[in-house]
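In what follows, a single structure is set out as structure tokens and then discussed.
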Amino acid sequence: MPRLSALIDRASAFALGPWRLVSVLFYAAAVLLLCASLGVIGFRITDQTNHEVEPFDQSAYVAMSQKMEGSWYPWYSDGTRNPLFPWLAAALLNADEPSFFETGKKLNVILAICGTALVSVFFSRRMGPLAAFNCTALAALAALLPISTFFGAEAIFLVLFLFVCACGMRLLNENPVRLYLFLALLSAAAWLAKSSTTPFLALFATLSFGRSLMNQFLGQSLPWHLLAPAWSARRFAVGLAIFVTVYFALIAPRLVHAHKTWGSAFYSLP
């Protein structure tokens, strides 16, 4: 029996090892094909449609890019939109060129392709290759591709917000201090893309304080699905201080501009 067990173990190692490598290679190839498809479809859409800069979001983002040309950090807002995407467009392209609008749309498609690659890695670490690819393809084709053919911040915001949500939800179960720093970096970048992150951060803070109260007063009497033995109130206090410091340090230029312009650091017309 011991010999048979050892033989089975060797056979399993031989079978699972190469097959795991094959599945990883197939997954990587499928994601590369998906990204290439996004590029082909996205560039074709930008070439064939949406050539008029309407007087709303896209023209406002173009004007913001021209305002921030040469700026070292995203700081300017028109009171409705936040500066991350127009700042990236101004930093990577020439905002004064007549073709800036068309080139900016293609830049947005490239950002969506990069976002798809990041999302594919995120899903591959949490589920099997087929499910991970299905989720990646759905995110890319149903969410990122349609919105990336416009000159706007939605594509980059959706990817950042996914990671903000994932990081925040993990911090409700286990909370190493480094994750609070990571959440601050992600949240600041997402907020600089669109201010829609704010309600999630308020909800995260509320649930974190709720977790602290549950652990303190109920402890091991909590139902099994609410237990979080790796969560620490002390790390939460330290992490919260780090989060607040880093988050507001990163969005400070935008807050200063809003305070000087409208008299309120958090002014946002929407």
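No experiment lies behind these values; they were computed from the predicted model shown. Numbering starts at 1 and runs along the sequence shown.
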Do the side chains of Phe266 and Leu255 get nearer than 4.5 Å, heavy atoms only? yes
Interatomic spacing from CG in Leu179 to CD in Glu174 - rounded to 0.5 Å: 7.0 Å
Nearest 0.5 Å, what's the CG-CE distance between Leu222 and Met214? 6.0 Å
Atom CZ of Arg170 and atom CG of Leu172: how far apart are they, to the nearest 0.5 Å? 12.0 Å
Would you say the side-chain atoms of Thr103 pair up with the backbone N or O of Phe100, donor to acceptor, closer than 3.5 Å? no
When you compare the side chains of Asn108 and Glu154, does any donor N or O come within less than 3.5 Å of an acceptor on the partner? no
If we ignore hydrogens and angles and just use 3.5 Å, is the side chain of Lys105 paired with the main-chain N or O of Gly152 as donor and acceptor? no
Is the distance from the ring center of Trp87 to that of Tyr76 below 6.0 Å? no
Do the ring centers of Phe163 and Phe182 come within less than 6.0 Å of each other? no
For Phe200 and Phe161: C-alpha separation, side-chain torsions, deciding distance, then whether ring-ring contact (aromatic ring centres under 6.0 Å, His included) applies. CA-CA 9 Å; Phe200 175 82; Phe161 190 63; 5.7 Å; yes
CG-CG distance between Leu186 and Leu250, expressed to the nearest 0.5 angstrom: 11.0 Å
Using a distance-only test with no angle check, is there a side-chain donor-acceptor pair under 3.5 angstrom linking Ser187 and Trp191? no
Atom CG in Leu226, atom CG in Asn173: separation rounded to 0.5 Å? 10.5 Å
Does the distance from a Lys or Arg side-chain N to an Asp or Glu carboxylate O, for Arg44 and Asp47, drop under 4.0 Å? no
Would you indicate whether the side-chain heavy atoms of Leu34 and Leu141 approach each other to under 4.5 Å? yes
ring-ring contact (aromatic ring centres under 6.0 Å, His included) evaluation trace for Phe85 with Phe151: CA-CA 9 Å; Phe85 174 74; Phe151 194 101; 5.1 Å; yes
Check for a donor-acceptor pair, side chain of Ser124 on one end and backbone N or O of Val121 on the other, with a separation under 3.5 Å. yes
Could you tell me whether Phe26 atom CZ has more than 12 heavy atoms of other residues or ligands within 6.0 Å of it? no
Could you tell me whether a side-chain N or O of Thr46 sits under 3.5 Å from a main-chain N or O of Phe43, the two making a donor and an acceptor? yes
Side-chain donor/acceptor of Asp78 to backbone N/O of Arg81, under 3.5 Å: yes
